[in-house]
Amino acid sequence: MISQGGAGARGGGPRTTVTLRDPEAGHATVLAAGSIGALVIVLVAALLLTSAVIASHQARAAADLSALAAARGSAPSCDEARRVARLHRATVHECRPDGAYVDVLVGVLPAGAAARFGEAQARARAGPETGEELSGGDDRTGP
């Protein structure tokens, strides 16, 4: 602190006090604000990624269930695949019966801001169960 003037000084004018501040003052505030900003950015990115992963899982489940529903019965039914997909908040983009089998492509739009990146899609194939396909040539039974 530097003092100038005052009752004992020449000139007898008002007393002036100059305080020198610490040159490091305020840096912690700037560092904390920057750290909080970086943390917010990381959290938003994590939420977007989580939303996309959830949509991907929903799309896979909807595709599997839609294909199974379409393949059930004597003839594959794409109407049944669409009905089951709607129940799972999914959209059937492609449904192709192939004999007793059916191929289904469904899409699920992620929630929130992740929706602007597009929908998650999944494909599934289902058909009747036969003994020949179940064995698959892999004999795992023991003697």
Side-chain angles (χ1 to χ4, degrees), residues 1-7 9 11 13-143:
M1 178 153 61
I2 301 172
S3 296
Q4 296 178 350
R15 183 172 215 179
T16 306
T17 303
V18 177
T19 304
L20 299 176
R21 297 188 71 194
D22 182 10
E24 298 292 322
H27 285 98
T29 303
V30 173
L31 181 63
S35 297
I36 290 170
L39 181 63
V40 167
I41 289 171
V42 168
L43 287 175
V44 167
L47 288 173
L48 289 173
L49 180 63
T50 301
S51 181
V53 169
I54 289 170
S56 172
H57 287 248
Q58 288 174 336
R60 282 186 258 159
D64 288 341
L65 293 171
S66 296
L68 287 170
R72 188 181 64 192
S74 60
S77 169
C78 290
D79 290 335
E80 188 65 16
R82 286 184 193 88
R83 185 187 73 76
V84 170
R86 266 194 318 273
L87 291 173
H88 291 90
R89 296 184 187 114
T91 305
V92 174
H93 293 295
E94 189 178 299
C95 180
R96 290 181 303 166
D98 181 20
Y101 294 90
V102 63
D103 289 309
V104 177
L105 173 67
V106 303
V108 173
L109 200 60
R116 78 172 86 173
F117 297 112
E119 66 180 10
Q121 293 186 344
R123 184 177 299 276
R125 178 177 172 90
E129 182 176 274
T130 64
E132 191 174 293
E133 290 174 344
L134 288 176
S135 68
D138 185 15
D139 184 22
R140 293 183 185 238
T141 57

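If you take CZ on Arg123 and OG on Ser66, they are separated by 13.0 Å, rounding to the nearest 0.5 Å. A distance of 9.0 Å separates CG of Leu105 from CZ of Arg96, quoted to the nearest 0.5 Å. Rounded to the nearest 0.5 angstrom, Gln121 CD and Glu94 CD are separated by 9.5 Å.
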Acceptor/donor pairs from residues 27-47 side chains to any protein atom, 3.5 angstrom cut, sequence neighbours excluded:
| from | atom 1 | to | atom 2 | distance (Å) |
| --- | --- | --- | --- | --- |
| His27 | ND1 | Glu24 | O | 3.0 |
| Ser35 | OG | Leu31 | O | 2.9 |

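Residue pairs that meet the salt bridge (Lys or Arg N to Asp or Glu O under 4.0 Å) test with at least one member in residues 62-72, sequence neighbours left out, are Arg72-Glu80. Each side chain to side chain donor-acceptor pair (under 3.5 Å) pair with one or both residues in residues 41-56, not counting sequence neighbours, appears once here: Ser56-Arg60.
At least one side-chain heavy atom of Val102 sits less than 4.5 Å from a side-chain heavy atom of Cys95.
Heavy atoms from other residues, nucleotides or ligands lying under 6.0 Å from CZ of Arg125 number more than 12.
Pairing each heavy atom of Val106 with each of Ala59, the nearest pair is CG2-O, 3.4 Å. Scanning all heavy atoms of the two residues, the minimum distance from Val108 to Ala55 falls at CB-O, 3.9 Å. The minimum heavy-atom distance linking Val104 with Ala81 is given by the pair CG2-CB, 4.3 Å. Residue Gly107 comes nearest to His93 through the heavy atom pair N-CD2, 3.6 Å, listed as atom of the first residue, atom of the second, then distance. Closest approach of Val92 and Ala85 over heavy atoms only: CG2-CB, 3.5 Å.
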